[in-house]
2 protein chains.
Amino acid sequence: MIWLIPGVLPGGKVAFMTSAPPPTHRTGGGRTGRPRSADADRAILAATREALVELGWSKLTMGDVAARAGVAKTTLYRRWAGKSELVVDAVAALFDEHLELPDRGSLGADVEGVVLQFAALLERPETKTALMAVVAESTRDDALRDRIRSAIVDRQKTLVLVGRERAQARGELPAEPDASAAARNADLIFDVIAGAVVHRTLVSAEPVDAEWARAFTALLVGGLTAAAAGYTDPAA
Amino acid sequence: MIWLIPGVLPGGKVAFMTSAPPPTHRTGGGRTGRPRSADADRAILAATREALVELGWSKLTMGDVAARAGVAKTTLYRRWAGKSELVVDAVAALFDEHLELPDRGSLGADVEGVVLQFAALLERPETKTALMAVVAESTRDDALRDRIRSAIVDRQKTLVLVGRERAQARGELPAEPDASAAARNADLIFDVIAGAVVHRTLVSAEPVDAEWARAFTALLVGGLTAAAAGYTDPAA
DNA sequence: CTCTTACGCTACGAGCCGTAGCGTAACTGC
DNA sequence: GCAGTTACGCTACGGCTCGTAGCGTAAGAG
């Protein structure tokens, strides 16, 4: 059983948090009783990020976070089902704050921008140690997977959609024939960009610098324009 | 301090395992004393894979694996420093067995083949739950990172190098100007392929089917040939 | 037959988990 | 104000996992 409760993240934006029991997380209106402390939320999430930097994912404990935040351990468990859920919300706030896509004038420049931005986010020790861990956890927890998707992944995917729209408006890319093909294509591009940056940063453990971003962008944009020109396997 | 000890994996191939104390892991010749049981090695690694399938990474414990393998818990700790190291060796054996690159006649066909092969490996519950977890762990453990690299990542990268060599022999791709550029390029392609497949499988949680593999291959090969034709950002 | 190393077993302190129980604090509606 | 309701802090707890120590035994090397 999963409850979806609208909650307010540090950025002031509304997100959805899944909690264990029915935690009635409202901010302004409604029910009776003592309301949950928004200060506690902020303190807990900030403490979580701090603990991630100092201890990393595996050595981070709920008790430690509670102590840092100055709240009781039970308060954490009243709001989050466990470490994974807590950490997802804690790092999701960073994605909220640091992802944007200013128009840089060309498809290539836009791609390069988003690559560097995403890479900068992944270079942070909080995200570096947390992201793969929660993804690993999500392979056995569908609710957690949905939480990651809505709190983190979808925010990145938006950038791809915006970038493609701009490129089409500029005439750099053709319009998609139908909606489902467009969606498949966007998913593909998203997996390629996000996957390459993540793999470079976390598996190969080498920096996404300007040079790499340029080479990657050339490869991707080349592929996109080639595909637009009707490329198929020459051996087929 | 790290020791590198040649050991024999299930496939019969020789791999390198890092153990905590000086465990003198020899098979045929050398020192005095009772030799380590190769049967125990096989049983432990098989038990680890079995436990990964049933329990997943987070609920797998050293005690459980020892019980399944029919050995004492202390024996595990005599050979592996902890859960991460053990799991890396356990899944590395799968990569040894299931990665190969038959010549399919064209660059596109080779890419598609390796994508599907890698995806099939990632669809297994053992690898699915383990790979991201150990990568996450490795962000705070350099020795573990090296172990992952030599036991898993380098085996995949070899396929990229073989594929490129073939493509160059076929005339599908030009020869590289210098060695360092060639290495950078191979790293880029590797991060793109492995990253996209991993991201698609584990983050987007959608299958790498024939259709996706074809679309991805078209994108990548298109980018490679475009780059070979001297593509640069048209807005630059 | 001795030396050396690996193994199985038991036992242990330490740490974290997640929850129960209780008294208190904060806010709502009457 | 006052009752009703919900959140909070605190304490305590059983249960589990960790990683190690100690000891007697098993298996090869010389």
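Chain A is the first sequence line, chain B the second, and so forth, proteins listed ahead of strands; every chain is numbered from 1. Keep in mind the model is a prediction, meaning the values are calculated, not measured.
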What's the closest nucleotide to the side chain of B:Arg34 if the choices are D:dC8, D:dC18, D:dA27?
D:dA27
Quick note, B:Val71 side chain, CB onward, closest among C:dC17, D:dC8, C:dG8 is C:dG8
Among D:dG28, C:dG18, C:dC9, the one nearest B:Ala72 by side-chain distance:
C:dC9
So, for A:Ala51 and A:Arg68, which heavy atoms are closest and what is the spacing to 0.1 Å?
CB-NE, 3.7 Å
Please confirm whether the shortest side-chain N or O distance from A:Thr75 to OP1 or OP2 of D:dA7 is below 4.0 Å.
no
Which nucleotide sits closest to the side chain of A:Tyr77: D:dA26, D:dT6, C:dG18?
C:dG18
Protein-nucleotide distance (A:Trp80, atom CH2; C:dT19, atom P), rounded to Å:
16 Å
Which whole-number value in Å describes the distance from A:Asp39 CG to C:dA26 C1'?
14 Å
In whole angstrom, give the distance that lies between atom CZ of B:Arg79 and atom C1' of C:dC7.
9 Å
Which comes earlier along DNA chain C counting from the 5' end, the contact point of A:Thr61 or that of B:Lys73, where each point is its nearest nucleotide?
B:Lys73
Both B:Lys83 and B:Thr74 contact DNA chain D. Taking the nearest nucleotide for each, which residue is further toward the 5' end?
B:Lys83
Has the side chain of B:Arg200 got a donor or acceptor atom that lies under 3.5 Å from a matching backbone atom of B:Ala205?
no
Among A:Thr127, A:Leu131, A:Leu99, find the residue that satisfies the side-chain contact (heavy atoms from CB on, under 4.5 Å) test when tested with A:Ile152.
A:Leu131
Which whole-number value in Å describes the distance from B:Leu60 CG to D:dC18 C1'?
13 Å
Roughly, in whole Å, what's the span from CD1 in B:Ile44 to C1' in C:dC7?
11 Å
Please report, rounded to the nearest Å, how far the P atom of D:dC18 is from the CG atom of B:Leu76.
10 Å
Please determine whether the number of non-hydrogen atoms from other residues, nucleotides or ligands lying under 6.0 Å from atom CD of B:Glu165 exceeds 12.
no
Considering all heavy atoms of both residues, which atom of B:Ala194 and which atom of B:Gln156 are nearest to each other, and what is their separation?
CB-OE1, 4.1 Å
Of C:dT28, C:dC7, D:dG28, the nucleotide closest to the side chain of A:Thr32 is C:dT28
Can you tell me the distance, in whole Å, between the CZ atom of A:Arg78 and the P atom of D:dT6?
13 Å
